[in-house]
Amino acid sequence: MFDFLRTGQRAESAGAALATPVSEGGADNGVAPAFAGAYTQLSSLIGLQQYSSQMSLLSAPRRAAQLSGNWQTRIRGRGMDFAEVREYQPGDDIRSMDWRVTARTGSPHSRVFTEERERPVILAADLRSPMFFGSSLGFKSVTAAASLALIGWAAQNSRDRVGGLVMGDQLHREIRPKNGKKGVLGVLHSLDDFSRRLSNPLHSAEQNMQDLLLKLQRVTRPGSSVYLASDFHDFSDECIPHLQRLARHAQVTLLCISDPLEWQLPAGSSLWVTDGSQRQLLSAQEQLNDLLPRRLERLQACTGSSIELLDIRGDGQVAELLQRRYGQSVGRSSGIAPGRVS
């Protein structure tokens, strides 16, 4: 967003100076390294697993079965959980006959069960060049990757299959959902890989948000949960129909990633910003006041029963917010998640 005058030099050293590790806002200090710096550290993303032990993506109580999933489908058949008794239909398994109801009513009746399946969780990351910016703890690309990593480990706690889609300036990578740690680790390796390809926030991207949503529609199966992390700087009216189509068959959570400097300029200081060809003195807070609120307003207008919006700011409290949001088995809420003013 604010592309400071670092053109022509790799931002790793500059990023290290900007991204000074600080306490993770009430969460365990061990979480902070995963959210800090200009580039992700794979070991830190993996280490977030221990901080997800009290997190769960479940919206219903966990089941006792070890090998089954946690999400009831609408598919009716021979499964674990009793659903109803109905009149016998041709093709019903004789083992499902309810003989007591049959004797009482005088007509054959069958017992119907719901099938329990694992739910695919898709972790989608926008790791294009505009995400390569940060002013305090870490760059937005790092915040996005660490947030998705924490959610991924929480999904594993819920015994979901985890896959992903990571998009850079020119390339993207799809990770097929898998059970256990394999699924989460596959996504983390891709997040770390694409994060380390970033070098300059001014690089032009050949792919936009509309492309990302189209790719998500293609790879997301009905019944999935999608977690999309981006700064949504190019989320336009043309993107809204694609997001709505995605949400018809999947639960979608939008993680809007921002940097504290995008909300508030340092008091009593003026900053030069550039787009690579022109520079301008940014000295008035009024120039920022409407930027992020308008973006969040546009995203919030899309929320509903199948779309949730989380306001994620790289201010050292991200892990605490996610732990609070997914710290217990609660139903999904529409609109912007509580605990963050947007």
Side-chain angles (χ1 to χ4, degrees), residues 31 34-35 40-60 62-63 65-73 116-127 141-168 172-195 212-213 215-230 246-247 249-255 257 306 308 310 312 318-319 322-323 325-327 329 332:
V31 177
F35 289 85
T40 56
Q41 298 292 332
L42 182 59
S43 59
S44 296
L45 297 180
I46 295 174
L48 287 174
Q49 181 181 13
Q50 63 182 306
Y51 301 101
S52 70
S53 58
Q54 301 302 316
M55 297 173 62
S56 174
L57 304 186
L58 291 175
S59 59
R62 293 192 65 165
R63 305 287 173 177
Q66 291 292 326
L67 298 178
S68 61
N70 295 287
W71 305 90
Q72 287 189 346
T73 72
E116 200 175 66
R117 289 185 169 180
E118 295 166 323
R119 177 191 61 168
V121 171
I122 304 298
L123 306 176
D126 171 10
L127 293 184
S141 54
V142 174
T143 301
S147 299
L148 290 178
L150 200 54
I151 291 173
W153 289 122
Q156 189 212 281
N157 295 341
S158 306
R159 299 198 300 278
D160 293 321
R161 289 184 291 121
V162 178
L165 189 152
V166 185
M167 190 175 80
H172 79 281
R173 184 178 299 162
E174 300 169 10
I175 303 96
R176 185 176 179 180
K178 294 181 181 178
N179 293 315
K181 290 185 178 181
K182 288 184 179 179
V184 183
L185 291 175
V187 177
L188 298 192
H189 279 279
S190 294
L191 289 172
D192 184 62
D193 180 24
F194 274 71
S195 166
L212 177 53
L213 292 171
K215 290 176 172 63
L216 271 176
Q217 288 181 52
R218 181 170 53 81
V219 303
T220 302
R221 292 191 173 188
S224 300
S225 282
V226 177
Y227 296 84
L228 171 57
S230 172
L246 177 64
H249 305 291
Q251 290 286 340
V252 180
T253 299
L254 306 175
L255 286 76
I257 310 295
S306 296
E308 181 182 12
L310 300 182
I312 304 294
V318 179
L322 292 175
Q323 287 170 336
R325 172 64 184 87
Y326 299 110
S329 297
R332 297 180 65 88

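Everything quoted here is computed from the prediction, not taken from an experiment.
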Point to revise | Heavy-atom side-chain contact between Ile122 and Pro177 under 4.5 Å | key: yes
Review point. Ile46 and Trp153: which non-hydrogen atoms are nearest, and at how many Å?
Key: O-NE1, 3.7 Å
Exercise for review: Please name all residues satisfying side-chain contact (heavy atoms from CB on, under 4.5 Å) with Ala229, sequence neighbours left out, ordered by chain then number.
Suggested key: Ala144, Leu148, Leu255, Ile257
Point to revise | Pair listing, salt bridge (Lys or Arg N to Asp or Glu O under 4.0 Å) test, anchored in residues 217-227, at least two apart | key: Glu174-Arg218
Practice item. Could you check Arg119 against Leu57 for side-chain contact (heavy atoms from CB on, under 4.5 Å), going step by step and ending with a plain yes or no? Key: CA-CA 11 Å; Arg119 177 191 61 168; Leu57 304 186; 3.5 Å; yes
**Study point:** Non-hydrogen atoms of Ser158 and Ser56 that approach each other most closely
**Key:** OG-OG, 3.1 Å
**Study point:** Side-chain donor/acceptor of Gln54 to backbone N/O of Gln323, under 3.5 Å
**Key:** no
Point to revise | Considering all heavy atoms, the nearest Ala319-Val31 contact | key: CB-CG1, 3.2 Å
**Study point:** Pairwise distance CG(Leu322) to OH(Tyr227) - rounded to 0.5 angstrom
**Key:** 10.5 Å
Revision key, fill the gap. One should read off an interatomic distance between Leu48 CG and Ile151 CD1, to the nearest 0.5 angstrom, of 11.0 Å
Practice item. Could you pull out the closest heavy-atom pair between Ala146 and Leu45, with the gap in Å? Key: CA-CD2, 3.7 Å
Practice item. Please lay out, stage by stage, how Leu165 and Leu212 fare under the test side-chain contact (heavy atoms from CB on, under 4.5 Å). Key: CA-CA 9 Å; Leu165 189 152; Leu212 177 53; 3.3 Å; yes
Point to revise | Considering all heavy atoms, the nearest Val318-Thr143 contact | key: CG2-CG2, 4.1 Å
Review point. Atom CD1 in Ile312, atom CG in Leu254: separation rounded to 0.5 Å?
Key: 11.0 Å
Revision key, fill the gap. With sequence neighbours left out, the residues meeting side chain to side chain donor-acceptor pair (under 3.5 Å) with Ser147 are none
Practice item. Could you grab the distance from atom NZ of Lys182 to atom CZ of Arg176, nearest 0.5 Å is fine? Key: 13.0 Å
Point to revise | Heavy atoms of other groups near Lys215 NZ, more than 12 under 6.0 Å | key: yes
Practice item. Specify the closest pair of heavy atoms between Met55 and Asn157, including all atoms of both residues, with the distance to one decimal. Key: O-ND2, 3.2 Å
Below 3.5 Å, can you tabulate the donor-acceptor pairs from side chains in residues 185-193 to any protein atom, sequence neighbours excluded?
| from | atom 1 | to | atom 2 | distance (Å) |
| --- | --- | --- | --- | --- |
| Ser190 | OG | Arg173 | NH1 | 3.3 |
| Ser190 | OG | Gly186 | O | 3.4 |
| Asp192 | OD1 | Thr40 | OG1 | 2.7 |
| Asp192 | OD1 | Arg196 | NE | 3.3 |
| Asp193 | OD1 | Arg197 | NE | 3.4 |
| Asp193 | OD2 | Arg173 | NH1 | 3.2 |
| Asp193 | OD2 | Arg173 | NH2 | 2.7 |
| Asp193 | OD2 | Arg197 | NH2 | 2.9 |

